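This report concerns only the one structure given below.
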Amino acid sequence: MITPMKGIKETLRKEISNKLSISPSDVRFDIPPDLSMGDISLLSAFIIGKRESKDPKKLADDFACKLKVLPFTEEVSTKGPFINLKLNREEFFHYSQKTKRKIKVKPREGKNLIEHTNINPNKAAHVGHLRNAIIGDSFSRLLRIIGEQVEVHNYIDDTGVQVADVVYGLLKMRRLPPKKWEEIKEKFDHFCWDLYVEVEKRMENDPEAIQERYNILKALEKGKGEYGETGRRLSGKIASLHLETMERLGIEYDLLAWESHIISLGLWERAFSLLKQSGAIKLAENTPNKGCWVMKIEEAGKEREKVIVRSNGTATYVAKDIAYQMWKLGLQHEDFNYRIFKTYPSGRKLWTTDISDGKRDGFGHATRVYNVIDMRQGYLQRVVSEALRKLGYKKEADNSIHLGYEMVALSGKTARSMGFEAGGGTVSISGRKGIGIKADNLIDAVFKSAREEVKKRNPEIGEEKIEEIASKISSAAIRYYMLKFTNSSVVLFDIDDALSFEGESGPYIQYSLVRMKGIRRKMTERGIITEGKSKWLNNSDYWSLIHRASQLDDILQKTREKMEISILAKYLFSLAQSFNIFYQKYPIIKEKNLEERNLRLALMDIIESKLLIGSEILGIQIPEKM
RNA sequence: GCGGCUGUAGCUCAAUAGGAUAGAGCGUGGGAUUCCUAAUCCCAAGGUUGUGGGUUCAAUUCCCGCCAGCCGCACCA
């Protein structure tokens with residue numbers, strides 16, 4: 001239940017359950033549709049009435065009588081079965097003022113390991129990858145702001161087929177070994193994007209190429225020879241380019257974890273023996289999977305078999321994932337070495353796993369692991385967690401959390417504008433076919449459009465400053481666009497919508513905050529000084545603003561619980577909107593009445609504090625001017 | 001075939017654990033700037049919440065059937 005001011009709600013819950021002699025879980029709050037009815041509504045009469053088959057209206061009246069005196073509360077009334085509380089506005093206002101920067105969500109114990117991005121290091125990142133990284137990054141920011149321990153990992157599959165394919169393309173189709181890569185004029189990952197499409201076409205009907213790919217694949221695991229070396233250079237170079245792309249949107253990581261290191265560490269061997277020992281997997285004898293090690297999975301009352309180890313003895317993708325998930329949760333003995341990969345301008349250090357050199361450090365050993373992966377992987381994620389359960393790690397299985405979201409597809413209009421076939425409907429992104437919008441290109445386009453806008457509005461500002469502002473605006477626009485949809489909704493990526501700086505968008509929130517800054521600046525310029533304390537003046541517009549602002553803590557808690565950043569995004573937009581409406585009606589600097597002016601300023605401060613907390617989580621930076 | 005998700009305004013999406021009058025943005029039509037930033041604000045039009053039943057004081061929300069769409073169900077990653 002979202003109600004204003006989390007702290008007050010908890011006090012009320014205790015008090016009410018005492019006075020009515022009902023269980024605290026029967027004390028359920030809501031917000032009345034109109035604040036003239038009350039500020040918080042109490043739904044207990046419904047719940048208890050239903051359970052004890054009593055008339056809820058009578059119960060409500062009865063309860064209301066017993067609740068004459070409550071903390072923070074001025075008036076208790078009923079409307080049918082609803083019990084509505086009116087808070088003492090003056091008291092609430094001062095409380096809000098005092099606590100405007102505090103976050104009252106209880107941080108959970110233990111370390112959260114959040115793994116996101118995980119892009120195959122063989123070609124440029126596209127808008128689908130952006131959704132992943134932005135959701136993962138915002139969720140990390142949320143937990144960190146709440147005060148929890150967070151470690152962000154980016155797993156890099158440098159031994160997979162996708163890398164092998166581009167190695168094939170570079171060496172066999174283009175004759176471009178690493179030392180010739182500087183001849184490539186285009187951005188390297190963009191070059192590989194097109195090359196990958198060509199390779200995929202070749203692989204469709206060239207058995208020799210397919211055989212060669214298999215040889216490359218084997219070489220990648222060892223990391224030796226021309227193939228191994230090229231693969232290492234390729235994935236290293238592209239992973240770095242991905243990091244640069246993400247940095248443009250303010251996304252940073254703590255650790256890069258390389259699949260090749262996981263393999264050479266031998267995590268799978270230990271997991272394999274544990275799985276055999278515990279009986280979690282069995283050697284199939286009669287089924288179609290004869291000769292494979294399989295795990296029985298229960299799905300909708302039916303038993304299915306999932307192959308974990310192939311009949312040729314090699315481990316499948318899920319198998320390696322089980323082993324690695326165990327490492328993340330501290331269930332493996334072996335550990336990597338680590339060294340610093342790069343230092344961000346913020347001073348934050350990005351580490352990388354290594355095996356040959358470096359030192360040991362305390363990565364992993366997480367209490368909770370959030371794997372940010374799209375929903376198509378839901379089945380495999382369940383298999384991983386089920387494997388942990390079968391190994392007896394029940395708690396760890398519960399803490400292996402799939403933060404799933406739907407994929408990004410191109411809207412028909414956008415797909416056609418880029419020259420892709422798009423019947424009437426939408427078009428799925430496909431790296432293989434080269435269908436998609438590259439992340440860099442999107443960022444460039446939004447940036448360019450933002451720069452024009454800033455220039456137009458602020459002709460006096462220098463080029464460098466303009467670019468700084470434009471980059472903040474474009475980043476906010478893209479991030480908000482990717483965060484405003486619920487996880488379960490497929491994002492129909494529309495380039496015009498993504499380019500928009502108006503309406504429900506990141507720049508809208510920035511604009512509101514920039515205006516607030518502007519008001520404060522103007523006041524200083526004009527030498528207008530406000531007295532320390534502001535007095536509460538009753539006005540329902542003022543009140544509804546405070547009421548809305550005070551919901552932030554509940555929103556944060558719910559966002560964490562549901563792992564649904566869109567809840568916070570929507571709330572921040574509506575809060576910014578409330579301020580804009582308020583501001584239109586109630587000027588601040590112009591206001592002659594000192595008490596009114598001071599109060600409006602105080603309200604602005606409260607809204608600003610809440611918006612700043614939220615913007616930090618969404619990864620929206622606030623420019624000086626817009 | 002089995003399983004999952006989705007179906008809400010012209011379009012893209014919200015709607016808290018079943019709550020009071022289903023809300024935003026875009027688009028459309030009209031309006032607001034001598035005044036703190038018009039990337040803003042105001043007004044209007046726009047809905048049988050896919051469909052048929054059921055549960056109840058109350059259903060967009062829960063249950064069952066049907067229709068439509070998307071996604072999984074590899075000895076691919």
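This is a predicted model, so every value here is computed, not measured. Each chain gets a letter, A, B and so on, in the order its sequence line appears, and its residues count up from 1.
Looking at A:Lys570 and A:Glu504, a side-chain N of the basic residue comes within less than 4.0 Å of a carboxylate O on the acidic one, giving a salt bridge. Checked for salt-bridge contact, A:Arg376 and A:Asp374 meet the test: a charged N lies under 4.0 Å from a carboxylate O. A salt bridge links A:Arg520 with A:Glu608: at least one charged nitrogen is closer than 4.0 Å to a carboxylate oxygen. Taking 4.0 Å as the cut-off between side-chain N and carboxylate O, A:Lys448 and A:Glu452 do not count as a salt-bridged pair.
Listed nucleotides: B:C13, B:C36, B:C57. Nearest to the side chain of A:Leu492: B:C13. Considering only side-chain atoms of A:Tyr511, the nucleotide from B:A20, B:C41, B:U40 that sits closest is B:U40. When the nucleotides B:A38, B:G18, B:G72 are ranked by their closest atom to the side chain of A:Arg376, B:G72 comes out on top. Comparing B:C13, B:U16, B:U40 by their nearest atom to the side chain of A:Lys558 picks out B:U16. Set against B:A77, B:C36, B:A58, the side chain of A:Arg526 has B:C36 as its closest nucleotide. For A:Val514, whose side chain is taken as the heavy atoms from C-beta onward, the closest listed nucleotide among B:U40, B:U37, B:A15 is B:U37. Closest approach to the A:Asp157 side chain among B:A77, B:U40, B:U12 is made by B:A77 (side chain taken as heavy atoms from C-beta onward). Picking from B:A77, B:C13, B:C57 the nucleotide with the shortest atom distance to the side chain of A:Val161 gives B:A77. Nearest to the side chain of A:Met407, among B:A20, B:C71, B:A15, sits B:C71. Taking every side-chain heavy atom of A:Arg304 into account, B:C73 is the closest of B:C73, B:U56, B:U16.
Contact annotation: A:Tyr405 does not reach the phosphate of B:C5 (side-chain N/O to OP1 or OP2, under 4.0 Å). Contact annotation: A:Arg515 side-chain N/O to B:A38 OP1/OP2 distance is under 4.0 Å. Contact annotation: A:Lys9 side-chain N/O to B:U16 OP1/OP2 distance is not under 4.0 Å. The shortest distance between the side-chain N/O atoms of A:Lys522 and the OP1/OP2 oxygens of B:U37 is below 4.0 Å.
As rounded to whole Å, 20 Å separates atom P of B:C36 from atom CG of A:Asn598. In this entry the distance linking CD1 of A:Ile555 with C1' of B:A14 reads 12 Å, nearest Å. Atom pair A:Asp494:CG and B:U12:C1' shows a separation of 8 Å (rounding to whole Å applied). The separation between A:Ile519 atom CD1 and B:C35 atom C1' is 13 Å, rounded to whole Å. A straight line from CD of A:Gln577 to C1' of B:A14 spans 12 Å, rounded to a whole angstrom. Spacing between atom CZ of A:Phe582 and atom P of B:C36 amounts to 17 Å, rounded to whole angstrom units. Rounding to whole angstrom units, CD1 of residue A:Ile262 and P of B:A77 are separated by 14 Å. To the nearest angstrom, C1' of B:A77 lies 11 Å from CG of A:Asp165.
One finds the OG atom of A:Ser615 at 5.5 Å from the CD1 atom of A:Ile620 (value rounded to the nearest 0.5 Å).
No donor-acceptor contact under 3.5 Å links the side chain of A:Asn118 to the base of B:A77. Under 3.5 Å, the side chain of A:Ser311 and the base of B:C75 form at least one donor-acceptor pair of N or O atoms. Residue-to-nucleotide contacts include no donor-acceptor pair under 3.5 Å from the side chain of A:Lys590 to the base of B:C36. Checked by distance alone, A:Thr316 brings no side-chain donor or acceptor within 3.5 Å of a matching partner on the base of B:A74.
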Original post:
Which string of ( ) [ ] | and . matches RNA chain B, if you list each base 5' to 3' and count Watson-Crick or G-U pairs only when both distances are under 3.5 Å?
Top reply: (((((((..((((.....[...)))).(((((.......))))).....(((((..]....))))))))))))....
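Using atom C1' as the reference point in both B:U55 and B:G72, the two lie 32 Å apart (nearest Å). Rounded to whole Å, the separation between the P atoms of B:A15 and B:C73 comes to 28 Å. Remark: the separation of the C1' atoms in B:U16 and B:U12 is 22 Å, to the nearest Å. Taking the P atoms as reference points, B:U60 lies 10 Å from B:G50, given to the whole Å. Comparing the C1' positions of B:A58 and B:A44 gives an interatomic distance of 32 Å, to the nearest angstrom. Only the P atoms considered, B:U8 is 14 Å distant from B:G47, to the nearest whole Å.
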**OP:** Mind running ring-ring contact (aromatic ring centres under 6.0 Å, His included) on A:Phe272 and A:Trp293 for me, showing each step along the way?
**Re:** CA-CA 10 Å; A:Phe272 190 26; A:Trp293 287 89; 5.7 Å; yes
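Judged purely by distance below 3.5 Å, without hydrogens or angles, the side chains of A:Glu259 and A:Tyr155 pair a donor atom with an acceptor atom. Counting only N and O atoms by type, the side chains of A:Tyr583 and A:Arg600 include no donor and acceptor under 3.5 Å apart. A donor atom on one side chain and an acceptor atom on the other are not found under 3.5 Å apart for A:Ser77 and A:Asn84. For the residue pair A:Tyr586 and A:Glu596, no side-chain donor N or O sits within less than 3.5 Å of a side-chain acceptor on the partner.
Using a 4.0 Å heavy-atom cutoff across all strands shown, A:Lys625 reaches at least one base atom of the nucleic acid. Residue A:Asn580 is in sugar-phosphate contact alone, with no base atom involved, counting any heavy-atom pair closer than 4.0 Å across all strands shown.
By the stacking rule of 5.5 Å between ring centres and under 30° between planes, A:Phe573 does not stack on the base of B:A24. Where stacking is scored as ring centres under 5.5 Å apart with planes under 30°, A:Tyr583 registers as stacked on the base of B:C36.
Remark: aromatic rings of A:Tyr481 and A:Phe493 are close, center separation under 6.0 Å.
The residue among A:Phe485 and A:Pro507 whose nearest nucleotide of RNA chain B is located toward the 5' end is A:Phe485. The 5' end of RNA chain B is approached more closely, in terms of each residue's nearest nucleotide, by A:Tyr586 than by the other of A:Tyr586 and A:Gln377.
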